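Input: a single structure, listed below in structure tokens.
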Amino acid sequence: MCGIFGYCNYLVERSRGEIIDTLVDGLQRLEYRGYDSTGIAIDGDEADSTFIYKQIGKVSALKEEITKQNPNRDVTFVSHCGIAHTRWATHGQPEQVNCHPQRSDPEDQFVVVHNGIITNFRELKTLLINKGYKFESDTDTECIAKLYLHLYNTNLQNGHDLDFHELTKLVLLELEGSYGLLCKSCHYPNEVIATRKGSPLLIGVKSEKKLKVDFVDVEFPEENAGQPEIPLKSNNKSFGLGPKKAREFEAGSQNANLLPIAANEFNLRHSQSRAFLSEDGSPTPVEFFVSSDAASVVKHTKKVLFLEDDDLAHIYDGELHIHRSRREVGASMTRSIQTLEMELAQIMKGPYDHFMQKEIYEQPESTFNTMRGRIDYENNKVILGGLKAWLPVIRRARRLIMIACGTSYHSCLATRAIFEELSDIPVSVELASDFLDRKCPVFRDDVCVFVSQSGETADTMLALNYCLERGALTVGIVNSVGSSISRVTHCGVHINAGPEIGVASTKAYTSQYIALVMFALSLSDDRVSKIDRRIEIIQGLKLIPGQIKQVLKLEPRIKKLCATELKDQKSLLLLGRGYQFAAALEGALKIKEISYMHSEGVLAGELKHGVLALVDENLPIIAFGTRDSLFPKVVSSIEQVTARKGHPIIICNENDEVWAQKSKSIDLQTLEVPQTVDCLQGLINIIPLQLMSYWLAVNKGIDVDFPRNLAKSVTVE
Ligand code: UD1
Ligand code: F6R
């Protein structure tokens, strides 16, 4: 929901101005993740002092605030660590005091930026207040900063001068919930801590010299360390350990390989991470970029390392150390430094006014990329590298459960019928939150498919964990490589649509749709009885990118409709049936979220069961009247509308005689789109609705890339 960015330079001289610009620019690229307030923390003018700048609103407002505060931009730092944040409020209103970084005290001894939610923050806050700490914000994050200070002070009083990462382990022991977290402190100059649990974080590495190896070792406390002391028990009382944590802690104490304390791990402080060793052992100039999203790192470096849940990264002296509090059987001992294949140009707006518009126009290319290298049109074969080995298991499933939220859920609805038809496996489609609310029974022979653009949506992720616990095979259909869902699922397909930055999902929808159709085709490639149908669909897919290009030409007409008939309307009805029901729901969601106009997708067969009461000469109605086996029924539904003086706009196939005839006697308009195979028609039909939602919003002066109350990646329940 929010965005995190951190920048550390080591032996690379940078002025304060350059550091501020790097942080602010990093935030700008994260703005789509949350944008009600922003802030940065950097070193101040005095030793031990910190400058924190915060502002409500977009990053541009923060820039103005910093200019107003007028820090000396010319001071230089050979080594320095700065942290930054863009927020989408969950705890506390978007007010300056609630912006991150949050601090431990008025001296800013510990400053923290945080994504996610600390679920036990009320208990922690009460405890800290009882110990004399004064809170200044409504955020859950502030208790993390104060906890750092409290544990730092109590340990110091007890004679433990803890290393930054050891102190962090003690802090994390107290936290319940989810976090992506950066912490900086004047007690640990030029050091930064980055840690995650349920919220993504990655670290970009930039160095003139080639890295010695392309991985970083994971460091664990020593196996045979003695009984750990519990620094929190300063008053013979554990500090706010929840029961679960307390149990873990006890178990850890017995196994002697859990968290604290300094002496256990002291020697690790000096072990050097192999990747950052120079040939002659001398210090290597290096820069680190920590972020919740690759989009803000790719400008600086393509070498990145993805942190895993419970990894605790400690950056200091030009080195990156990754600690874990305990060894787990079978867990990887290293984190690889990968090369990102994302180009910066891919995440820029290009000639378009908004990312949403750019992404709508990218669809001929993004849909092509989803299929590239995966479909052999000559031999009518589909090969999904990520699923190939798993197909025999998936074919034996007793049912497929597709689970997702919002637009991703609609792509599941749009393809459910073709899955059932091609695989003969019963398919259910679930909204992730409802699936969890119902505690839906899941069995070992179920295959659960998780569809997500971001791969980080909390509800979908929770549902995934739920299915994993019950032993089901899990499949991801995900856009963001390296995202949580992509990594946690057993197997899956990356939809390869490229980064989607506009909050309204457009190109991810069409690519998810295609990836799911390819999945269904793969499941049926052993069926002789399905050969003709498969060939029809595969050849249909080949034409889709070109057909989308053609539909995009409707933009001037749609723009005009939005500026005339649809202007100032309060509500809009979308009618669809069969394959087009999902298009109606998705079209309605797009219109609602971007233009704030009430809009409803209705199954055409349900009209007569209630919705017809709404229809009169004033209510705008859009109906999907493209050709498939349900066409006669759709025509009859539309006749019910026109009989009640409704004058619908029909999305129909080019040169369709039926609509041409009808438009002579009835008051209706048509938007003509190319015809394709029934199960693919939804890919074409959704494009006019994407354009319509865009123009309805732009005409109202709404910033479509930043619709109110919404963020790109919903990482809270
Ligand atoms: C992979 C490479 C691609 C390369 C191609 C060449 C990656 C990310 N993709 O693509 O760059 O051109 O081989 O053969 O390296 N997965 C999940 N869950 C998900 C999504 C994917 O577990 O939600 C797994 C897949 O099972 C697979 C891996 O991630 O093991 C990569 O998936 P995908 O990118 O779809 O595979 P390919 O198309 O083969
Ligand atoms: C609508 C939209 C949302 C997302 C939903 C799931 O335009 O973007 O409805 O589709 O929040 O997000 P992902 O696909 O990232 O799991």
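It should be emphasised that the depicted structure is a prediction, and the values quoted were computed from it without experimental measurement. Just follow the structure's listing: the first ligand is 1, and inside any ligand the first atom is 1.
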Take atom 15 (O) of ligand 1 and look for protein heavy atoms under 4.0 Å from it; say yes if you find one, no if not.
no

Among protein heavy atoms, which sits nearest to atom 29 (O) of ligand 1, and what does the distance come to when rounded to 0.1 Å?
H494 CE1, 3.7 Å

Of all protein heavy atoms, the one nearest atom 15 (O) of ligand 2 is S454 OG, 2.6 Å

Which atoms of ligand 1 sit under 4.0 Å from any heavy atom of V478?
23 (O)

Answer with yes or no whether N479 contacts ligand 2, where contact means a heavy atom under 4.0 Å from a ligand atom.
no

Subset of ligand 1 atoms that lie under 4.0 Å from at least one heavy atom of V493
20 (C), 21 (C), 35 (O)

Is it true that the NZ or CZ of R372 lies under 6.0 Å from the centre of F368's six-membered ring and within 45 degrees of the ring axis?
no

Nitrogen or oxygen of G386 less than 3.5 angstrom from that of ligand 1
yes

Considering non-hydrogen atoms of the protein only, which is the closest contact for atom 7 (O) of ligand 2, and what is the distance?
E593 OE2, 2.4 Å

Within a strict 4.5 Å, meaning less than it, do heavy atoms of the F435 and C448 side chains meet?
no

Could you tell me whether atom 20 (C) of ligand 1 has a protein heavy atom closer than 4.0 Å?
yes

Is the shortest side-chain N to carboxylate O distance from D526 to R395 below 4.0 Å?
yes

Atom 8 (C) of ligand 1 touched by protein (heavy atom, under 4.0 Å)
yes

Measuring to protein heavy atoms, does anything land under 4.0 Å from atom 33 (P) of ligand 1?
yes

Flag the pair F581 / F624 as yes when their ring centroid distance falls below 6.0 Å, and as no otherwise.
no

List the steps and the verdict of side chain to side chain donor-acceptor pair (under 3.5 Å) for N685 and T626.
CA-CA 8 Å; N685 290 2; T626 41; 3.0 Å; yes

Tell me: protein heavy atom nearest atom 6 (C) of ligand 2, and distance?
C405 O, 3.4 Å

Taking a cutoff of less than 4.0 Å between a non-hydrogen atom of the residue and any ligand atom, is R487 in contact with ligand 1?
no

Nearest-neighbour protein heavy atom for atom 4 (C) of ligand 2, which is reported as residue plus atom name and distance:
T407 N, 4.0 Å

What's the shortest distance from atom 11 (O) of ligand 1 to any protein heavy atom, and which residue and atom give it?
E341 OE1, 4.4 Å

Strictly less than 4.0 Å: does any protein heavy-atom distance to atom 3 (C) of ligand 1 fall in that range?
no

Distance below 4.0 Å between atom 38 (O) of ligand 1 and any protein heavy atom?
yes

Using a 4.0 Å cutoff against the non-hydrogen atoms of G385, which atoms of ligand 1 qualify?
39 (O)

Heavy atom of the protein closest to atom 11 (O) of ligand 2 (residue, atom name, distance):
V714 CG2, 4.0 Å

Determine whether the side chain, the backbone, both or neither of E456 has a heavy atom under 4.0 Å from any heavy atom of ligand 2.
neither

Is there a nitrogen or oxygen of T460 sitting under 3.5 Å from a nitrogen or oxygen of ligand 2?
no

Going by the order shown, which atoms of ligand 1 are within less than 4.0 Å of some heavy atom of R374?
33 (P), 35 (O), 38 (O)

Got the closest protein heavy atom to atom 18 (N) of ligand 1, with its distance?
T489 OG1, 2.8 Å

What residue and atom, counting heavy atoms only, is the protein's closest point to atom 12 (O) of ligand 2, and at what distance?
T457 OG1, 3.4 Å

With nothing but distance in play, are any N or O atoms of N496 less than 3.5 Å from an N or O of ligand 1?
no

